[in-house]
Asker: 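Please find one structure pasted underneath; my questions will follow.
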Amino acid sequence: MQIVYSENHHQHAADVEFFRGSLVSCYENPARADVIASRIREVGLGPLIEPSDFGIAPILRVHDERFVEFLTTAYHEWSKVAGDIDAFPHAWMGRGLGSGQIPIDIHGKLGYYAADAGTPISQGTWPAALLAAQIALTAQSHVWKTGESAFALSRPPGHHAARDVYGGYCFLNQAAIAAQAFLDQGAKKVAIVDVDFHHGNGTQSIFYDRADVLFVSLHGDPDFEYPYFLGHRHETGNGEGAGFNLNVPLSPGTTWDDYQKQLAVGLQRVHDFAPEYLVVSLGVDTFEGDPISQFRFGSHDFVELGQQLSKLGYPTLFIMEGGYAIDELGVNVANVLSGFES
Ligand code: OKP
Ligand code: ZN
């Protein structure tokens with residue numbers, strides 16, 4: 001399997017995030033990708049190659065131009081008034097309280113584009129988010145050209161980013177950008193399976209009205225878990241997209257044994273859809289030791305997850321999403337990929 005990686009993810013290094021009312025060290029930190037890369041080298045899963053530059057056009061197929069413009073300038077605008085400290089919003093529009101007009105002031109803009117107060121923007125956030133998108137596009141291009149599978153080892157993650165919204169540690173939606181790239185290159189149908197603990201609300205929202213991308217997500221029930229406002233079972237798609245969105249919300253404490261039965265239903269849906277390519281939003285925050293999540297997978301369960309995904313038989317593009325138990329993170333991710341290859 002080809003693995004696309006760059007050490008330049010280190011540019012996105014925020015200091016703190018809000019957690020239960022306090023500021024704590026960021027869970028989404030550079031050590032995450034470092035330990036994954038090092039485990040992948042250790043087990044010899046495949047060559048780690050550097051990303052190529054596909055420019056901004058494939059990103060603008062998914063994201064709003066003004067949103068992208070905001071991301072490119074946000075830290076600079078913020079630091080002019082706040083100094084060299086991570087940027088956070090402090091005001092949101094609230095239901096029914098927005099005219100739709102985009103504020104000029106940076107604090108207003110942050111509130112306009114952000115979904116939550118848990119996603120700091122640091123000095124290097126934009127270059128790192130852009131690089132993550134290029135990593136996804138490089139891996140996508142490999143899958144497209146060779147029919148082989150690939151892994152985009154990138155951070156920050158992407159599945160909470162919507163067309164013009166950032167949040168949940170995500171800025172650009174790598175999975176959506178890659179899925180759209182397959183379609184733009186001539187594919188007719190792409191399936192995205194999101195196995196991160198958190199619902200991929202950004203990805204769902206991007207493809208909710210469309211029949212060319214099937215989105216299947218298994219996740220902590222949004223009645224209890226972030227992102228709270230999307231990811232319910234009754235969300236099945238809209239208009240032409242009706243029937244092309246499948247959410248499987250699961251209770252806190254879900255084990256692999258419970259999960260795999262639901263996964264089988266989700267993968268059957270993918271099989272029935274008969275896509276040409278599979279994109280996997282790969283989060284391993286379903287691990288029992290994850291500090292912000294509530295499922296109970298053991299490390300060995302990730303091997304089986306990889307095996308289940310490989311049984312579908314599609315050229316598969318893995319995109320790195322969440323997973324915050326640093327000590328086991330490398331093993332858990334490598335286990336999925338080894339299971340897939342075996
Ligand atoms: C991103 B991904 C801690 C509470 C949780 C958002 C979690 C985002 C997870 N501040 N905040 O899906 O792994
Ligand atoms: Zn997650």
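Just so it is clear, the structure is predicted and the values come from calculations on it, not from any experiment. Note that ligands are numbered from 1 as they come in the structure, with each ligand's atoms numbered from 1 the same way. Residue numbers run from 1 in the order of the sequence given.
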Asker: Considering residues at least two apart in sequence or located in another chain, which fulfil the salt bridge (charged side-chain N to carboxylate O under 4.0 Å, His left out) criterion with D258?
Answerer: none
Asker: If a pair satisfies side chain to side chain donor-acceptor pair (under 3.5 Å) and one of its residues is in residues 218-230, list it, with sequence neighbours excluded.
Answerer: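 As it turns out, the side chain to side chain donor-acceptor pair (under 3.5 Å) pairs with a partner in residues 218-230, which skip direct neighbours, are D116-Y226, S217-H219.
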Asker: Output a table of donor-acceptor pairs, distance under 3.5 Å, between side-chain atoms of residues 37-54 and any protein atom two or more places apart or on a different chain; print 'none' if there are none.
Answerer:
{"residue": "R39", "atom": "NH1", "partner": "E42", "partner atom": "OE2", "Å": "2.8"}
{"residue": "D53", "atom": "OD1", "partner": "G55", "partner atom": "N", "Å": "2.8"}

Asker: After noting the C-alpha distance and the side-chain angles of F67 and Y113, does the key distance pass the ring-ring contact (aromatic ring centres under 6.0 Å, His included) rule?
Answerer: CA-CA 7 Å; F67 171 66; Y113 286 116; 5.6 Å; yes
Asker: Could you please compute the angle at the Zn ion (ligand 2) from OD1 of D196 to OD2 of D285, rounded to 10°?
Answerer: 110°
Asker: Does R163 have more than 12 heavy atoms from other residues, nucleotides or ligands lying within 6.0 Å of its CZ?
Answerer: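 More than 12 within 6.0 Å, yes.
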Asker: For ligand 1, which of its N or O atoms have a protein N or O partner closer than 3.5 Å, and how long is each gap?
Answerer:
{"residue": "ligand 1", "atom": "10 (N)", "partner": "E17", "partner atom": "OE2", "Å": "2.5"}
{"residue": "ligand 1", "atom": "10 (N)", "partner": "F18", "partner atom": "O", "Å": "2.8"}
{"residue": "ligand 1", "atom": "12 (O)", "partner": "H159", "partner atom": "NE2", "Å": "2.6"}
{"residue": "ligand 1", "atom": "12 (O)", "partner": "H160", "partner atom": "NE2", "Å": "2.7"}
{"residue": "ligand 1", "atom": "12 (O)", "partner": "D196", "partner atom": "OD1", "Å": "3.0"}
{"residue": "ligand 1", "atom": "12 (O)", "partner": "H198", "partner atom": "ND1", "Å": "3.1"}
{"residue": "ligand 1", "atom": "13 (O)", "partner": "D196", "partner atom": "OD2", "Å": "3.3"}
{"residue": "ligand 1", "atom": "13 (O)", "partner": "H198", "partner atom": "ND1", "Å": "3.4"}
{"residue": "ligand 1", "atom": "13 (O)", "partner": "D285", "partner atom": "OD2", "Å": "2.9"}
{"residue": "ligand 1", "atom": "13 (O)", "partner": "Y324", "partner atom": "OH", "Å": "2.5"}

Asker: Checking the side chain of D301 only, and the main-chain atoms of G298 only, is there a donor and an acceptor separated by less than 3.5 Å?
Answerer: yes
Asker: Any idea which N/O/S atom from H198 gets closest to the Zn ion (ligand 2)?
Answerer: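 Of all N, O or S atoms belonging to H198, ND1 is the one nearest the Zn ion (ligand 2).
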Asker: Kindly say whether Y27 contributes a backbone atom to a donor-acceptor pair with the side chain of E17 at under 3.5 angstrom?
Answerer: yes
